[in-house]
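Notes follow once the structure below has been shown.
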Amino acid sequence: MKKLFAITLLTALCFSLTACGERENSSIAETDEKTATNETLPEVPEGAIVDESGTFVYTGPLRQGGDDENGYIKVPLSYVNFREEGVEGLTQFSNMAGTTVITLDRYEGYHYELIANNMRYYLSEDENVEGLTGAKVKINGYNSLQLYCHYKNDGKYLVAWAIEDPANTEDCYYLAIEFPEDDKSVVACSSTFQTIADYAKSQTASES
C-alpha cells in the first residue's frame with residue numbers, strides 16, 4: 001500500500017513542480033465529461049449504494065466515517081480506522097486484511113485541477129502503473145477530476161478524485177480508493193462523500 005500513500009503525500013513532489021501538469025500534452029481538465037458506456041449496468045438492490053457512473057454497487061452495511069479535517073464518507077461497517085507509521089494528516093480506513101484502503105485528505109489554497117494534474121504527472125512517471133486515465137466527473141454532485149489506473153506488480157486498482165470545495169473553490173478534497181479486483185464494489189462508497197460544511201448541514205437537518 002506504499003504507493004497509495006506516496007500519491008496522497010504529494011506536497012514535496014507536486015508543489016515544487018507547480019507546472020508539472022503542463023508537461024502533459026493535455027490536462028485532465030480538458031477532457032470531456034465522463035459518461036457511463038456500459039449498456040448493461042448492474043441492478044441496484046433496495047438499500048444498496050451505487051457510484052455516479054452506475055458501475056459499482058455495494059450492498060453491505062455501512063458506517064459513517066470521516067472528520068472535520070478531511071471530509072466525510074460512509075465506509076463498510078467492518079472497516080477500521082488506521083494510520084501507517086510516519087504518515088500524518090490523512091484520514092484512512094481499511095478492510096481487516098489491509099488489501100483495500102480508502103483515503104481522505106484536504107488541500108487548502110490549491111485548486112482541484114492543479115492537484116489532479118499533478119497526480120496525473122506523478123502516476124505517469126511510475127513504470128508500475130498501466131491504463132492511466134482521467135476524466136471530469138461528478139461525485140455526489142461535486143465537481144471533480146478522476147484518475148484511474150492499475151498496478152502491474154500486485155494487480156490492485158486505484159481510483160482517485162480531486163474534488164472542488166464549493167465553500168471555497170481554491171481549496172479541494174482528495175479521495176482515493178485502492179482495491180483488488182474482488183473488492184471493486186467498495187468504489188460505490190465514493191457516492192457518499194460529503195464536504196465538511198455539507199456534512200454539518202446534513203447533521204443539523206437530521207436533528208431538526
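If you read the sequence from its start, that first residue is 1, and numbering goes on from there. The figures that follow rest on heavy atoms only: side chains count, while hydrogens, waters and symmetry mates do not.
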Contacts under 3.5 angstrom, residues 68-75 side chains, donor-acceptor by atom type, not counting sequence neighbours:
from: D68; atom 1: OD1; to: Y72; atom 2: OH; distance (Å): 2.7
from: N70; atom 1: OD1; to: R106; atom 2: N; distance (Å): 3.2
from: N70; atom 1: ND2; to: G89; atom 2: O; distance (Å): 3.0
from: N70; atom 1: ND2; to: T91; atom 2: OG1; distance (Å): 2.9
from: Y72; atom 1: OH; to: D68; atom 2: N; distance (Å): 3.3

Any side-chain heavy-atom pair from [X] and [Y] closer than 4.5 angstrom?
| X | Y | result |
| --- | --- | --- |
| T100 | P180 | yes |
| V187 | Y157 | no |
| I177 | W161 | yes |
| K136 | L145 | yes |

About how many Å separate [atom2] of [Y] and [atom1] of [X], when rounded to the nearest 0.5 Å?
| X | Y | atom1 | atom2 | value |
| --- | --- | --- | --- | --- |
| Y142 | I163 | OH | CD1 | 8.5 Å |
| E108 | D171 | CD | CG | 5.5 Å |
| E178 | C149 | CD | SG | 9.0 Å |
| E170 | D165 | CD | CG | 10.5 Å |
| Y122 | L147 | OH | CG | 13.0 Å |
| F82 | L90 | CZ | CG | 9.0 Å |

* Pairs where residues 47-61 contributes a residue and the test salt bridge (charged side-chain N to carboxylate O under 4.0 Å, His left out) is met, not counting sequence neighbours ->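 Found none.
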* Partner residues of N95 under the side-chain hydrogen bond (donor to acceptor under 3.5 Å, both in side chains) criterion, sequence neighbours left out ->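 Testing N95 for side-chain hydrogen bond (donor to acceptor under 3.5 Å, both in side chains), a comparison that skips the adjacent residues, returns T99.
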Got a donor-acceptor contact below 3.5 angstrom from the [X] side chain to the [Y] backbone?
| X | Y | result |
| --- | --- | --- |
| S191 | V50 | yes |
| S144 | V137 | yes |
| H150 | V129 | no |
| D105 | Y174 | no |

Contacts of type side chain to side chain contact (heavy atoms under 4.5 Å, CB included), residue [X], not counting sequence neighbours:
| X | value |
| --- | --- |
| E127 | none |
| A200 | none |
| K201 | D198 |
| S202 | Q194, Y199 |

* Qualifying residues under ring pair (Phe, Tyr, Trp, His ring centres under 6.0 Å), relative to Y173, sequence neighbours excluded ->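 Partners of Y173 by the ring pair (Phe, Tyr, Trp, His ring centres under 6.0 Å) criterion, ordered by chain and then number, come out as F193.
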What closest approach, in Å, do [X] and [Y] show between heavy atoms, and which atom pair accounts for it?
| X | Y | answer |
| --- | --- | --- |
| R120 | L132 | O-CD2, 3.7 Å |
| V57 | S185 | O-CB, 3.2 Å |
| K156 | G98 | NZ-O, 4.1 Å |
| P76 | L62 | N-CD2, 3.8 Å |
| T103 | Q92 | OG1-NE2, 3.0 Å |

* Asked: Taking it one step at a time, do I102 and L175 satisfy side-chain contact (heavy atoms from CB on, under 4.5 Å)?
  -> CA-CA 7 Å; I102 298 174; L175 167 63; 4.0 Å; yes
* Asked: Looking at residues at least two apart in the chain, or sitting in another chain, which of them share a salt bridge (Lys or Arg N to Asp or Glu O under 4.0 Å) with E181?
  ->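 E181 satisfies salt bridge (Lys or Arg N to Asp or Glu O under 4.0 Å) with K184 once adjacent residues are dropped.
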